[in-house]
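Input: a single structure, listed below in structure tokens.
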Amino acid sequence: MLFSEIGLGPDVLRAIEEKGYTQPTPIQEQAIPWVLQGRDVLGCAQTGTGKTASFTLPMIDILAAGRARARMPRSLILEPTRELAAQVAESFETYGRYHKLSMALLIGGETFTEQVKRLDRGVDVLIATPGRLLDLFERGNIMLSDIKVFVIDEADRMLDMGFIPDIERIVSKLPKIRQTLFFSATMPPEIRRLADSFLLNPKEVTVAPPASPAATVTQALCIVQHEDKRKALRHLLRTEDVKNAFIFCNRKRDIAVLQKSLERHGFNAGALHGDMVQSKRTETLEAFKQGNITLLVCSDVAARGLDVQGLSHVFNFDVPINAEDYVHRIGRTGRAGRSGRAFTIATPEDGKAVAAIARLIGREIPVIAIDGLENPGFEDEETARSHRGRGRARGKKEETRESRTGRGREGARPRPERERPEAETAPPPRSEGPVRRERDRRRRRDEDEDEDAAVLGFGDHLPAFMLAPTRRRALPEPEPSQEG
Ligand code: AMP
């Protein structure tokens, strides 16, 4: 199918053509006609599938007729992170260039004054993170009673980050008669229940089975001693044809350490995590997109859904704690049909986490050896068996005093005890699961929305739907997050 056959107006088609796209991606092909017909849509699609344009393109057409009144936006798009919100705004700018739609971006970490001025002038498209939106609503700067089209993007991530109570409050302020578009990469029961309560007779569109990494990403795993991780990364960076790469760490505090270490070794590296002020985050990301920085050391939350055209590599400096994060991380590369390469650096203790990833993606990640470094294999029996004999080190490193003591030659510190909150050392009874999950989510949300957290604390409030029994099998208990 061609874009010209999908039902979009000539001005949008012109902008698409100038962007260089001729064919809609599967999610666009399936969703756009329904959105244009005014139907609610439940889209199960990951980032990288062209999901953003599947709602921005028809929305531009829908909103082309009509004018916004002061403080009463005509459409609302909720995004879990500021970067994603900014990306959606870019998409509206690109495809809406032949329309006169006004747009406002309400994200935390930026001053209210400019945002309020924008709202006063009237906006057709309002893109917001939930915290900042509620904040402005509570100050009386905004009314949501004129919203015609409402989009919830990355709903599963919103759940992870503890945003669902905020979203429930926002939805309670919207008019009952509206069009709702709901997107999520996965559809666990909580998300399904939420969709059921927000959507009216939706058209369901699914483009890739949840948690399947793009077929265009070549994956590899190397198992090294903890003190060899940085050396392994440098080896990969030097031997791979790296144009630009995300390097993921599990802990925020390790991001700066790794970035500095890479710079010391002559690599052009920047850092991105939730503790940085927004202006620095934006500046770093822009430098990376422009190619002034080649490597970006980042956390899951900061890099979630970021769309960097033609990212050649993803490196997991740490094996992600949640298997699903693995899929999200490596999905940063191999986007829109391009090929990409993803390397994961594991240590002997990571066997269980790697096994969980293999279960989720339905295959083992091929093991490779790093020249000159020992490949110790996994400690865990089950994983050790499945990885035994493959990719053994070519040059087995002799045991040194450093490796015995866990102190690397390059000043790597001994492997730290994994930092876990007390509650996780002594697991609470099963019935406390939702409370723990909520605590965990709040921690993640705080990383990204720390400025808003003080205003929008919900104390120990849990939204009712999370405690209601599910029809399907309950979600497995998430692994503890080590961010923060
Ligand atoms: P998204 O899933 O929205 O993050 O989009 C992933 C990437 O696909 C972005 O870089 C888009 O610019 C690109 N893209 C969106 N629609 C198309 C299309 N129809 N053809 C080719 N690339 C596209």
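Below, each value reflects all heavy atoms present in this structure, side chains not excepted, and no hydrogens, waters or symmetry copies. Atoms within each ligand, like the ligands themselves, are counted from 1 in listed order.
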With a cut-off of 4.0 Å, which atoms of ligand 1 are near a heavy atom of Thr25? 17 (C), 18 (C), 19 (N)
Would you say Phe3 has any N or O atom under 3.5 Å from an N or O of ligand 1, going by distance alone? no
Check each atom of ligand 1 against the heavy atoms of Lys51 and keep those under 4.0 Å away; list them by number with element. 1 (P), 2 (O), 3 (O)
Would you call Asp350-Lys352 a salt bridge at under 4.0 Å N-O? no
Quick check on contacts: which atoms of ligand 1 are under 4.0 angstrom from a heavy atom of Thr52? 1 (P), 3 (O), 4 (O)
For the residue pair Phe55 and Phe183, categorise the inter-ring angle as parallel (less than 30°), tilted (30 to 60°) or perpendicular (more than 60°). tilted
If you compare Lys19, Gln23, Gln28 by their heavy atoms, the one closest to atom 15 (C) of ligand 1 turns out to be Gln28
Flag yes if more than 12 heavy atoms outside Leu2 fall under 6.0 Å of its CG atom; otherwise flag no. yes
Please state which option from Tyr95, Phe183, Phe55, Tyr21 has its nearest heavy atom closest to atom 21 (C) of ligand 1. Tyr21
Classify the ring geometry between Tyr21 and Tyr95 as parallel (under 30°), tilted (30 to 60°) or perpendicular (over 60°). tilted
With a cut-off of under 6.0 Å to the ring centre and 45° to the axis, is Arg332 in cation-pi contact with Phe246? no
